[in-house]
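These notes concern the structure reproduced below.
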Amino acid sequence: MSVDKLQEGLQTRRFGKTVLFSSSVPSTNDWAKKLAAMGAAEGTVAVAETQTAGRGRLEREWISPKGGLYFSIIVRPEFDATEATKLVFVAGLAVADALREEYCLKIETKWPNDVLVNGRKICGILAEMNTTNQKVNYAVIGVGINANFDIRRVFPPSLKPVTTSIENEVGSRIKLDNLFRAVMSKLEKAYSLFEQQGFAPILAEWKKGAAFLGQEVEVTDQREEIVGLALDVDEEGALILRLENGKTRRVCVGDVSLRIS
Ligand code: BTN
């Protein structure tokens with residue numbers, strides 16, 4: 001990977017016009033936040049070949065061996081902080097579309113920010129923002145895609161049943177620069193739609209791939225575990241569950257797993 005390779009033939013207007021590349025950083029999200037704080041323009045992307053302290057949601061580690069695609073893009077949205085929390089859906093939709101189109105994978109989206117193939121996670125998204133009161137100064141959308149490695153060889157045993165990679169699904173290695181450009185194009189398209197028409201069309205498209213809807217799920221956050229039927233994701237991005245006692249519950253933070261009974 002190199003900046004020239006990543007940008008070769010890139011057809012976006014705003015996203016990826018400035019790319020910074022490093023062979024190894026602690027976290028591209030931390031790098032992009034520093035760049036944004038120094039005034040980097042919207043669409044600037046920080047890409048790394050590996051991360052030594054890649055971060056996931058809920059304080060988890062994001063294992064980032066060579067062969068994956070790890071990048072963070074800076075956006076400077078006009079909308080407020082509540083709207084900006086929906087950026088994970090924008091990015092999830094974009095990655096899902098890119099992976100479907102480029103590699104014909106049967107992709108699913110899972111609330112709130114996962115992209116799966118056959119129930120196994122292939123991509124994670126971490127959006128972070130800097131705000132003053134409710135105004136967003138900048139947001140950073142970090143994307144990690146398991147691409148050119150065999151997860152059976154590089155991930156710990158506990159993650160093997162729940163993760164996959166493009167190499168594991170396609171049976172061969174792909175060109176990371178192609179993947180980068182495909183995701184940039186879809187991301188710019190989805191982000192522009194979000195800016196112009198709001199969350200509704202993003203959510204509608206995202207839900208088309210949301211295989212967990214209509215299923216019995218377990219939702220865990222760091223404090224509790226909730227079991228219920230996944231009914232919907234509402235216009236604020238919250239998950240609506242029907243609990244076993246028949247009541248409806250709205251969940252804003254957590255992780256979903258399908259319930260095996
Ligand atoms: C998750 O699924 O919990 C989110 C994972 C997000 C990982 C990406 S990799 C690029 C960027 N840099 C990070 O440290 N995290 C995100």
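Residue numbers run from 1 in the order of the sequence given. Remember, it's 1-based here, ligands and their atoms both numbered in the order they're listed.
- Glu42 pairs with exactly one of Lys17, Arg13, Arg14 by the salt bridge (Lys or Arg N to Asp or Glu O under 4.0 Å) rule, that one being Arg14.
- Contacts of Val143 with ligand 1, taken as heavy-atom pairs under 4.0 Å, involve the backbone alone.
- Atom numbering of ligand 1 starts at 1 in the shown order; those under 4.0 Å from a heavy atom of Phe71 are 10 (C).
- Each of the following atoms of ligand 1 lies closer than 4.0 Å to a heavy atom of Gly54: 14 (O).
- Summary of contacts: the protein heavy atom closest to atom 5 (C) of ligand 1 is Trp62 CE3, 3.4 Å.
- Atoms of ligand 1 lying under 4.0 Å from at least one heavy atom of Ser72, given by number and element, are 11 (C).
- In Asp30, neither the side chain nor the backbone holds a heavy atom less than 4.0 Å from any atom of ligand 1.
- Of the protein's non-hydrogen atoms, the one nearest atom 10 (C) of ligand 1 is Thr28 OG1, 3.2 Å.
- Looking only at heavy atoms of the protein, atom 3 (O) of ligand 1 is closest to Arg57 N, 2.7 Å.
- Ionic pairing of Asp97 and Lys189 is not present here: no N-O contact between side-chain nitrogen and carboxylate oxygen is shorter than 4.0 angstrom.
- When the heavy-atom distances from atom 12 (N) of ligand 1 to Arg55, Lys110, Gln51 are ranked, the shortest goes to Gln51.
- Residues Pro26 and Thr52 come closest through the heavy atom pair CA-OG1, 3.2 Å.
- Nearest protein neighbour of atom 8 (C) of ligand 1, counting heavy atoms only, is Gly144 N, 3.7 Å.
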- request: Start with the C-alpha gap between Lys86 and Glu236, add the side-chain angles, then the distance that decides, and say whether salt bridge (charged side-chain N to carboxylate O under 4.0 Å, His left out) holds.
  value: CA-CA 8 Å; Lys86 299 165 188 166; Glu236 296 305 323; 3.4 Å; yes

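- Side chains of Thr164 and Asn146: a donor-acceptor N/O pair is absent below 3.5 angstrom, by distance only.
- When atom types are taken as modelled, the side chain of Asn113 and the backbone of Gly124 share no donor-acceptor pair closer than 3.5 angstrom.
- Within the 4.0 Å heavy-atom criterion, neither part of Ser64 lies near ligand 1.
- Aromatic pair Phe149/Phe155: ring centres closer than 6.0 Å.
- Close contacts between ligand 1 and Leu126 involve ligand atoms 6 (C) [criterion: under 4.0 Å to a heavy atom].
- Distance from atom 2 (O) of ligand 1 to its nearest protein heavy atom, with residue and atom name: Lys121 NZ, 2.5 Å.
- Using a 4.0 Å cut-off to heavy atoms of Gly56, the atoms of ligand 1 that qualify are 1 (C), 3 (O), 4 (C), 5 (C).
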task: Quick one: do Val47 and Leu6 satisfy side-chain contact (heavy atoms from CB on, under 4.5 Å)? Show the steps, please.
output: CA-CA 10 Å; Val47 187; Leu6 291 167; 4.1 Å; yes

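- Between the side chains of Asn148 and Glu167, not a single donor N or O lies within less than 3.5 Å of an accepting N or O.
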